[in-house]
Number of protein chains: 2
Amino acid sequence: MELQAREIGVLTTLIEDYIQTAAPVGSRTIAKKSNLNLSPASIRKIMADLAEKGYLEQPHTSAGRIPSAQGFRFYVDAILKYHPLPSDEQNLMAEHLDDARLDVPDLLRNASRFLSAFTQQVGMVLAPKANDIGFKHIDFILLKPGLVMAILVVEGGIVQNKIMPADPGLNSDDLIKFSNYLNQLFQGRVLAQVRARIVQEMDAVRRQYQAMARQALDLAQQAFAVDREREVFVEGTVNFFGHPEFSNPAKLRELLALLEERSRLLELLDQVSKSKGISIFFGREVEQDSVQEYTLISSPYQGQDTPLGVVGIIGPIRMNYAKVVPLVEFTAQVISRLLKNRF
Amino acid sequence: MELQAREIGVLTTLIEDYIQTAAPVGSRTIAKKSNLNLSPASIRKIMADLAEKGYLEQPHTSAGRIPSAQGFRFYVDAILKYHPLPSDEQNLMAEHLDDARLDVPDLLRNASRFLSAFTQQVGMVLAPKANDIGFKHIDFILLKPGLVMAILVVEGGIVQNKIMPADPGLNSDDLIKFSNYLNQLFQGRVLAQVRARIVQEMDAVRRQYQAMARQALDLAQQAFAVDREREVFVEGTVNFFGHPEFSNPAKLRELLALLEERSRLLELLDQVSKSKGISIFFGREVEQDSVQEYTLISSPYQGQDTPLGVVGIIGPIRMNYAKVVPLVEFTAQVISRLLKNRF
DNA sequence: TCCCGGCACTCGATCAGACAGAGTGCTTAC
DNA sequence: GTAAGCACTCTGTCTGATCGAGTGCCGGGA
């Protein structure tokens with residue numbers, strides 16, 4: 001099932017022409033554009049072979065061929081050589097993102113915008129999972145009697161807040177004591193450790209009848225309960241309209257629905273976040289009845305060592321991989337570098 | 001230029017049929033559906049009069065008529081009688097929004113979702129302008145030497161944060177002192193007053209050479225500088241695809257671009273936020289070359305007395321005003337009531 | 001064995017013409 | 001003022017014809 005050099009040549013020419021024109025490619029075009037010096041008739045023979053092996057598809061008899069998902073897969077995995085991003089684009093992106101006054105969510109949102117603008121696709125950035133981030137500070141504020149807001153700050157300046165009911169007898173001074181106690185207790189730990197510490201400490205204070213600590217830990221437990229979806233920054237959905245494959249409103253609708261339904265999107269991103277480096281994912285290869293006509297290109301980013309989240313773009317299968325892939329990779333690197341600075 | 005009763009009858013029947021079918025309405029249809037007991041021929045005469053006065057438009061000779069923006073304007077202003085929302089829908093919405101554990105942004109986002117789901121249009125909620133909201137608490141956190149994050153909590157549990165450079169000599173204890181000093185200074189004021197107070201106090205401490213207060217006020221001034229856009233919660237853009245008027249991708253694109261470009265959207269919402277009660281705004285009546293085929297229905301909501309923000313929906317001109325308008329109005333009332341509780 | 005020119009064939013896109021249907025405007029009669 | 005009749009207009013759809021792109025296959029030549 002391996003491909004010969006000539007077959008690879010035809011496939012490459014065909015895919016690169018198809019990426020530009022979005023139309024089925026015929027044997028004459030390939031004969032002219034490739035440097036194989038073969039006649040259209042011979043090309044046709046090769047194309048027939050490629051179609052039989054599953055790399056090409058034919059929309060109908062007597063149309064040209066278009067690459068199948070398998071064809072694209074081979075192209076991005078085995079054929080395409082990726083060149084590093086031009087340094088002026090590197091600088092442009094680094095300059096705009098490297099601003100200490102941006103908090104992490106803003107940084108990630110901007111990165112998503114850049115990806116979208118540079119690739120003419122839809123940019124996406126999955127925010128870090130809170131679990132692995134270092135605790136910084138917690139504060140309780142009395143909104144009204146019996147209602148307390150917890151404000152939780154983690155490294156990198158990510159702020160989370162949560163409103164919760166509490167003992168109506170608590171006053172502001174109590175809450176300040178709580179914060180002081182907890183801040184000291186949790187210092188220098190990551191959130192997962194903080195949660196463990198809460199359970200452990202609750203046990204200890206219960207035996208020692210420390211009322212203040214017990215109340216504080218009760219509140220802390222509520223504040224640290226995980227019930228928030230991870231944020232995803234999606235930018236540039238308007239770019240979908242530029243691609244002829246989405247002139248069909250039904251397909252467009254499907255894809256926009258996917259982006260709006262954060263839970264499905266999160267699941268998808270979670271799947272790809274486990275891969276090590278850059279990952280190229282064709283909708284067609286996996287899901288049966290859902291949106292099939294898209295590609296997701298993504299790369300994880302990390303803080304110190306642990307992977308934190310994912311950056312990526314989503315667009316039609318037909319896209320300029322040679323340009324997009326290095327850009328996604330570079331963006332992930334920039335974010336990793338900037339977050340290392342902050343965490 | 002006033003309309004006779006028969007003309008109003010024809011216009012009403014025509015608009016209501018058009019709202020259902022989205023197709024030009026002919027004289028025969030109106031003769032059957034209206035209770036005027038007139039023949040199609042007579043209806044035609046009346047329709048010709050209405051067209052001449054500008055209430056109807058004709059896509060081409062020998063098609064039926066469709067209502068013009070002026071026709072819709074007359075319909076929503078003079079003809080339509082609005083009934084209050086059915087109580088089961090009222091309860092459903094109130095139940096889901098009335099949860100003390102939601103912070104204000106989440107509350108508004110949910111309201112936007114509900115509007116979108118109930119009307120099958122796109123829901124929008126403009127968050128309150130921070131100026132008029134009461135100060136609650138400020139905190140400074142040392143992210144790293146020379147970099148401080150301010151966390152500002154205002155009434156209703158709205159949290160804003162801002163990262164700013166600071167004197168590298170500052171340590172955490174200094175920052176705690178700053179917060180204590182400022183919290184006391186600003187207690188019970190709204191943000192606009194807080195800003196005034198900062199300026200005034202800076203003057204005083206400068207003359208008295210109080211270094212700590214000066215540094216604290218410096219940070220406060222940066223923290224309270226207004227440079228953040230007001231948030232807008234837009235939900236349900238997928239609903240656009242349900243409407244035949246947006247089967248034209250170019251129109252759809254325009255409208256989605258408007259929603260994605262927050263600054264333009266804010267300007268639009270700001271225009272309508274000044275009106276007192278419900279406001280119905282036809283794109284066609286105003287802008288010349290931009291998106292014309294939409295209607296914005298909005299209503300301001302308030303905390304105690306001052307108007308805070310706007311709720312609304314955006315959709316095609318052809319929509320079920322009898323249902324949508326009371327829903328928008330009710331949503332604004334619910335939000336007003338819930339915010340009064342919190343502020 | 002590989003290559004390629006030639007040829008018949010297939011399919012989609014486009015165009016013109018025919019036709020039905022919806023709806024109008026006008027005239028005329030009551 | 002109302003309504004019936006009629007000619008007219010415009011759109012959408014269907015049909016058949018034609019064109020062009022592209023294929024598959026056959027057979028001749030290096």
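Small disclaimer: the values here were computed from a predicted structure and weren't measured. Residue numbering restarts at 1 for every chain, and letters A, B, ... go by the order of the sequence lines.
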What's the NZ-P distance between B/Lys45 and C/dT24, to the nearest Å? 14 Å
Nearest to the side chain of B/Thr61 - C/dC4, D/dC10, D/dT23? D/dC10
B/Asp49 CG to D/dT2 P, straight-line distance once rounded to whole Å: 12 Å
Spell out yes or no: do the side chain of A/Arg44 and the base of C/dG6 have one donor N/O and one acceptor N/O closer than 3.5 Å? yes
Can you measure B/Arg28 atom CZ to C/dG25 atom C1' for me and round it to whole angstrom units? 17 Å
D/dG1 C1' sits how many Å from B/Ile43 CD1, rounded? 14 Å
Would you say a side-chain N or O of B/Arg65 is under 4.0 Å from OP1 or OP2 of C/dA22? no
Rounded distance [0.5 Å steps], CD in B/Gln120 versus CZ in B/Phe240: 12.5 Å
What is the distance, to the nearest angstrom, from the CE atom on A/Met47 to the P atom on D/dC25? 14 Å
If you compare every side-chain N and O of A/Ser42 against the phosphate oxygens of C/dC4 (OP1, OP2), does one of them come in below 4.0 Å? yes
So that I know where these two stand, are A/Phe246 and A/Phe241 an aromatic pair - ring centroids less than 6.0 Å apart? no
Whether the side chain of B/Ser62 and the base of D/dT9 hold a donor-acceptor pair under 3.5 Å is what I'd like checked. yes
Quick one, which residues of residues 6-14 of chain B touch DNA chain C with a heavy atom under 4.0 Å? none
Taking atom C1' of D/dT2 as reference, at what distance in whole Å does atom CG of B/Asn37 sit? 13 Å
Judged by each residue's nearest nucleotide on DNA chain D, which is more toward the 5′ side, A/Ala41 or A/Pro24? A/Pro24
Let me know, please, whether A/His60 or B/Val25 comes out on the 5' side of the other along DNA chain C by nearest nucleotide. A/His60
Does a donor on one side chain sit under 3.5 Å from an acceptor on the other, for A/Tyr82 and A/Glu329? no
Rounding to a whole Å, what distance do you find between B/Gln58:CD and C/dG25:P? 6 Å
Under-4.0 Å side-chain N/O to phosphate OP1/OP2 contact, B/Ser27 with C/dT24: yes
Would you check if there is a donor-acceptor pair between the side chains of A/Tyr294 and A/Glu245 at a distance under 3.5 Å? no
Can a side-chain donor-acceptor contact be found between B/Gln121 and B/Ser116 if the only test is distance below 3.5 angstrom? no
Residues pairing under salt bridge (charged side-chain N to carboxylate O under 4.0 Å, His left out) where one sits in residues 17-39 of chain A, two or more places apart or in two chains, turn out to be A/Asp17-A/Lys33
salt_bridge(B/Glu57, B/Arg65) N-O dist < 4.0 Å: no
I need the CG-P distance between A/Leu36 and C/dC2, as an integer number of Å. 16 Å
